[in-house]
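Start at 1 and go down the list; that is how both ligands and their atoms are numbered.
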Amino acid sequence: MKSPAKNYDPYENVVDVMEKAVEIGHINKSMFEIIKNPQRETKVYLPIEMDDGHVEVFEGYRVQHSNIRGPFKGGIRFHPDCNLNEVKALSVWMSLKCAVANIPYGGAKGGIKVDPSKLSKGELRRLTRRYTFAIAPIIGADTDIPAPDVNTNAQTMAWVLDTYSQLAGKPSPGVVTGKPVELGGSRGRNSATGRGVYFSTKFLLQEEGKDIKDASVAIQGMGNVGSNAARIFYHRDIKVVAVSDVSGGLYKKSGLDITDISDYLETKGNLLKDYNAPGVEHITNEELLTCECDVLIPAALENQITAEVAEKVKCSYIIEAANGPTSEAGDVVLENRGIPVIPDIFANCGGVIVSYFEWVQNIQELTWSRERVNEMLADLMSKAFMDILSVKKECDCTFRMAAYIVALRKLVYAEEIKGIFP
Ligand SMILES: NC(=O)C1=CN([C@@H]2O[C@H](COP(=O)(O)OP(=O)(O)OC[C@H]3O[C@@H](n4cnc5c(N)ncnc54)[C@H](O)[C@@H]3O)[C@@H](O)[C@H]2O)C=CC1
Ligand SMILES: O=C(O)CCC(=O)C(=O)O
């Protein structure tokens with residue numbers, strides 16, 4: 001096992017956790033060897049003419065982990081620290097997530113090593129189109145379907161869709177999900193991951209015999225996932241005591257005004273460090289992770305809850321809205337401290353579930369109402385949670401182990417019935 005922080009290796013981390021689940025869940029070890037490695041790793045170099053005329057070359061990735069249960073599926077991330085190893089781990093989490101959610105997809109992930117805050121809108125558009133052009137031969141509505149992730153959104157997906165459709169010579173809405181509703185996106189996709197985070201919290205607290213209305217929540221990250229989750233909690237009168245973004249956090253024991261904070265982020269486009277309101281304290285991201293709250297929701301990046309942080313958290317429960325926010329060592333500490341963790345592969349699966357609904361609408365040329373989408377999301381997540389609970393009881397293990405066992409059994413079974421090729 002790697003020590004946390006600087007030596008953190010997300011791919012090694014996910015493989016270690018899978019290996020533990022293989023032991024506990026009595027999973028076929030030889031077939032698991034197939035699941036350990038991605039089917040294909042693609043690295044591309046993207047020359048872009050910047051606004052001042054000079055050329056910069058960016059590095060991009062698409063890792064296709066598994067398509068044994070259906071087409072590859074997973075988001076595209078723009079981040080200066082993005083690298084092949086991170087994308088590889090994220091692609092594995094996608095395969096596990098789609099299996100837990102019981103949707104007919106495999107797993108993939110893409111990314112570009114770039115700080116998008118330093119690029120103009122025109123530069124970002126050219127970079128996204130160039131990246132799409134480079135990976136076009138390996139994506140498609142029935143092969144690999146990208147979606148938004150960190151620092152990408154419906155606008156980014158509109159550029160991916162248009163570039164791909166130009167190359168295909170026809171509108172190809174099913175090639176990408178999370179696109180604007182006007183271009184074939186699904187109602188409810190934008191808020192789906194945050195909504196799923198709310199369902200995960202509700203299911204866990206119900207299981208623990210607690211009323212979600214009495215809970216206080218702290219959320220790290222106020223992007224697509226964190227801000228939608230915060231709004232959903234707030235509109236159900238659940239106290240959100242702390243939120244943060246990359247610039248720092250805000251804390252108010254009696255509960256923050258999430259509508260005011262969301263309006264500030266949307267209309268002013270400023271960072272939370274510049275937000276001020278009566279009774280609101282400014283805190284650091286580490287203080288957010290260790291603040292007094294019932295439910296802690298990391299919704300930013302990987303490796304936030306290291307062993308050191310895990311020793312200090314004061315929450316009773318953790319819901320992993322981000323992918324990989326808890327390191328393996330952090331997880332051991334939380335288990336020893338008796339703090340239940342709802343793992344990422346279930347807690348944030350609402351996004352890919354509604355992506356699946358979007359894709360189904362696209363290929364059938366249908367449009368569904370927001371109410372229908374939200375109801376179907378609740379239904380799939382509730383069934384998936386029941387599956388996890390049942391394995392948790394069978395194997396007497398943590399929620400993370402149970403979710404991994406549910407997923408790995410499906411992936412390994414699919415490999416077994418297919419048989420080795422050739
Ligand atoms: N967008 C989606 O539908 C899904 C996203 N996820 C995962 O959720 C997490 C967040 O994704 P999005 O909300 O889409 O990204 P986003 O780009 O919309 O927002 C990220 C947020 O995290 C903050 N942040 C960045 N670095 C930080 C740091 N070092 N400390 C604290 N805050 C920091 C940013 O300021 C921003 O508020 C990621 O792990 C992503 O992979 C998972 C499932 C689906
Ligand atoms: O909606 C999707 O296809 C995938 C979203 C994503 O990247 C994730 O769940 O981590």
Subject >> Contact atoms of ligand 1, heavy-atom distance to N151 under 4.0 Å >> reply: 16 (P), 17 (O)
Original post:
Of A108, S355, S91, which has the heavy atom at the shortest distance from atom 1 (O) of ligand 2?
Top reply: S355
**OP:** Determine, considering heavy atoms only, which of G248, A322, G223 sits nearest to atom 21 (C) of ligand 1.
**Re:** G223
Original post:
Just going by heavy-atom distances, which of I219, V225, N228, L288 is nearest to atom 12 (P) of ligand 1?
Top reply: V225
Original post:
Does a donor on one side chain sit under 3.5 Å from an acceptor on the other, for N67 and Y105?
Top reply: no
Subject >> Proximity of C349 to ligand 1 by residue part, where a heavy atom lies under 4.0 Å >> reply: neither
**OP:** Is it possible for you to check whether K43 lies under 6.0 Å from the centre of the six-membered ring of Y61, through NZ or CZ, and within 45° of that ring's axis?
**Re:** no
Original post:
Which is closest to atom 39 (O) of ligand 1 by heavy-atom distance: A300, S244, G194?
Top reply: A300
Original post:
Which one holds for Q220 and ligand 1: side chain close, backbone close, both close, or neither close, with close meaning a heavy atom under 4.0 Å?
Top reply: side chain
**OP:** With atom 14 (O) of ligand 1 as the reference point, say which of L271, D149, D344 has the nearest heavy atom.
**Re:** D149
Original post:
Ion pair present between K383 and D379, side-chain N to carboxylate O less than 4.0 angstrom?
Top reply: yes
**OP:** Could you name the option among N285, T177, N303 that has the heavy atom nearest to atom 31 (C) of ligand 1?
**Re:** N285
Original post:
Evaluating non-hydrogen atoms only, which member of E358, K109, R77 is closest to atom 10 (O) of ligand 2?
Top reply: K109
